[in-house]
Student: 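One structure is given below, represented as structure tokens, and several questions about it will come after.
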Amino acid sequence: MRLILMGPPGAGKGTQATFVAQHYSIPAISTGDIFRANVSEGTPLGKEAQRYMDAGEYVPDDVTNKMVRNRIDEPDAEGGFLLDGYPRTVAQVEELDGMIAHTGHRLDAAIVLTVDEEEIVQRLLQRAQTDGRADDTEEVIRRRQEVYAEQTAPLIETYRERGILREVDGLGEVEEITRRIFAALDDLPES
Ligand code: ADP
């Protein structure tokens with residue numbers, strides 16, 4: 001099972017990614033989490049990524065693509081994976097297509113969590129108070145929404161045209177949203 005999970009910053013991708021990946025026994029791979037881990041460990045990748053993240057901008061494609069390529073080459077991703085937060089640009093879509101085609105598989109579905117922008121800005125401001133993520137200031141949150149609208153939202157149409165898009169209402173209780181995702185994927189094989 002090869003899945004991607006899309007949606008604007010604050011849509012709840014990370015939370016849902018964990019449940020969905022568990023259900024299909026595949027790893028949830030979050031580019032944001034990998035970047036943050038590298039930042040806190042002070043690796044060269046973290047140093048490179050940090051200035052973009054702090055500004056709410058995307059890390060350059062070549063850096064991100066290489067990181068994802070390495071991650072999905074790991075043995076635990078051989079049987080499938082769920083990507084949370086990747087691809088986010090046209091170049092990343094092409095790169096992912098290449099990576100998957102190379103292994104003789106295909107992308108099974110692109111799940112997109114739909115949410116109201118104002119609602120999620122509020123959610124992120126709330127998270128800023130509890131988690132204290134460096135990129136959760138209002139200015140950076142707004143910038144992340146803009147970058148998403150410009151660069152990532154158009155990719156939804158690409159997956160719609162391919163017939164693998166599954167749109168899921170991302171507003172509501174966490175478990176309810178998880179159920180909606182499973183319902184949207186119910187025609188896919190379990191593994
Ligand atoms: P958000 O909820 O804002 O989307 P993430 O945790 O998914 O947060 O990502 C945090 C930051 O990591 C992004 O703002 C961006 O700088 C960087 N990032 C994550 N995924 C990608 C990607 N696919 N391409 C480029 N940059 C990325």
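We count residues from 1, following the sequence as given. Note that the coordinates shown come from a computational prediction; the quantities given were computed from them, not determined experimentally.
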Student: Answer yes or no: is there a side-chain heavy-atom contact under 4.5 Å between L185 and I111?
Tutor: yes
Student: Check this for me: does any side-chain nitrogen of one of D97 and R162 sit under 4.0 Å from a carboxylate oxygen of the other?
Tutor: yes
Student: Salt bridge check: are R51 and E57 linked by an N-O gap of less than 4.0 Å?
Tutor: no
Student: Looking at every non-hydrogen atom in both residues, tell me the closest pair between I156 and V112 and how far apart they are.
Tutor: CD1-CG2, 3.7 Å
Student: Test F19 against I181 for side chain to side chain contact (heavy atoms under 4.5 Å, CB included), laying out the working first.
Tutor: CA-CA 10 Å; F19 294 126; I181 295 177; over 6 Å; no
Student: Just by modelled atom types, is the N65 backbone N or O under 3.5 Å from a matching donor or acceptor in the Q92 side chain?
Tutor: no
Student: Surrounding CZ of R160 (heavy atoms of other residues, nucleotides or ligands, distance under 6.0 Å), is the total greater than 12?
Tutor: yes
Student: Determine, using the 4.5 Å side-chain heavy-atom cutoff (strictly less than), whether V168 and L3 are members of one ILVMFWY cluster.
Tutor: yes
Student: What's the shortest heavy-atom distance between R127 and R144, and which atoms?
Tutor: NH2-NH2, 3.5 Å
Student: Should E94 and L96 be marked as a side chain to side chain contact (heavy atoms under 4.5 Å, CB included) after you check the CA-CA gap, both sets of side-chain angles, and the distance that decides it?
Tutor: CA-CA 5 Å; E94 287 167 3; L96 178 63; over 6 Å; no
Student: Calculate, to the nearest 0.5 Å, the distance between atoms CZ and CG belonging to F35 and L45 respectively.
Tutor: 6.0 Å
Student: Between G80 and P27, what is the shortest heavy-atom contact and its length?
Tutor: O-CD, 3.4 Å
Student: Going from CD1 on I4 to CD1 on I29, what distance comes out if it is rounded to the nearest 0.5 angstrom?
Tutor: 12.5 Å
Student: Salt bridge or not for R71 and D73, using N-O below 4.0 Å?
Tutor: no
Student: Where do L5 and L113 land on the side chain to side chain contact (heavy atoms under 4.5 Å, CB included) test, with the steps shown first?
Tutor: CA-CA 8 Å; L5 182 56; L113 291 179; 4.2 Å; yes
Student: Out of curiosity, does M6 fall in the hydrophobic cluster containing I100 (side-chain heavy atoms, cut-off under 4.5 Å, transitive links)?
Tutor: yes
Student: Are any side-chain N or O atoms of H105 and backbone N or O atoms of T103, one a donor and one an acceptor, separated by less than 3.5 Å?
Tutor: yes
Student: Would you mind listing every side-chain hydrogen bond (donor to acceptor under 3.5 Å, both in side chains) that reaches into residues 5-19, with sequence neighbours excluded?
Tutor: Q16-T178
Student: Would you please test L83 and V68 for side chain to side chain contact (heavy atoms under 4.5 Å, CB included) and show each step?
Tutor: CA-CA 9 Å; L83 289 169; V68 172; 4.2 Å; yes
Student: For the NZ atom of K66 and the CG atom of D62, what is their distance to the nearest 0.5 Å?
Tutor: 9.0 Å
Student: What distance separates R88 CZ from T31 OG1, expressed to the nearest 0.5 Å?
Tutor: 5.0 Å
Student: With the threshold set at 4.0 Å, does a side-chain nitrogen-carboxylate oxygen contact exist between D187 and R166?
Tutor: yes
Student: Of all the heavy-atom pairs spanning A49 and V59, show the shortest one and how long it is.
Tutor: CB-CG2, 3.9 Å
Student: Would you call V20 and H23 a side-chain contact if the rule is heavy atoms closer than 4.5 Å?
Tutor: no
Student: Is it the case that one hydrophobic cluster holds both I34 and M99, taking links as side-chain heavy atoms less than 4.5 Å apart, direct or via other members?
Tutor: yes
Student: How long is the gap from CD on E117 to CD on Q145, to the nearest 0.5 Å?
Tutor: 4.5 Å
Student: Should R180 and E176 count as an ion pair when the cut-off is N to O under 4.0 Å?
Tutor: yes
Student: State whether E146 and R143 are salt-bridged, where the test is any N-O pair (Lys NZ or Arg NE/NH1/NH2 against Asp/Glu carboxylate O) under 4.0 Å.
Tutor: yes
Student: List for me each residue that meets side chain to side chain contact (heavy atoms under 4.5 Å, CB included) alongside V39, sequence neighbours excluded, and say none if there are none.
Tutor: Q50, M53
Student: Roughly how far, to the nearest 0.5 Å, is CD1 of I141 from CD of E139?
Tutor: 10.5 Å
Student: Looking just at side-chain N and O atoms, do T89 and D61 make a donor-acceptor pair shorter than 3.5 Å?
Tutor: yes
Student: Any ring pair (Phe, Tyr, Trp, His ring centres under 6.0 Å) pairs touching residues 48-90, not counting sequence neighbours?
Tutor: none
Student: Do V90 and V63 belong together in a cluster built from hydrophobic side chains that touch within less than 4.5 Å?
Tutor: yes
Student: Out of curiosity, does I177 fall in the hydrophobic cluster containing V174 (side-chain heavy atoms, cut-off under 4.5 Å, transitive links)?
Tutor: no
Student: Please give me the minimum heavy-atom distance between I120 and P9, naming the atom from each residue.
Tutor: CD1-O, 3.3 Å
Student: May I ask you to say whether R142 pairs ionically with E118, meaning some side-chain N is under 4.0 Å from a carboxylate O?
Tutor: yes
Student: What heavy-atom pair brings P87 and T152 nearest, and what distance separates the two atoms?
Tutor: O-CG2, 4.4 Å
Student: Atom CD of residue position E150 - does it have more than 12 heavy atoms of other residues, nucleotides or ligands inside 6.0 Å?
Tutor: yes
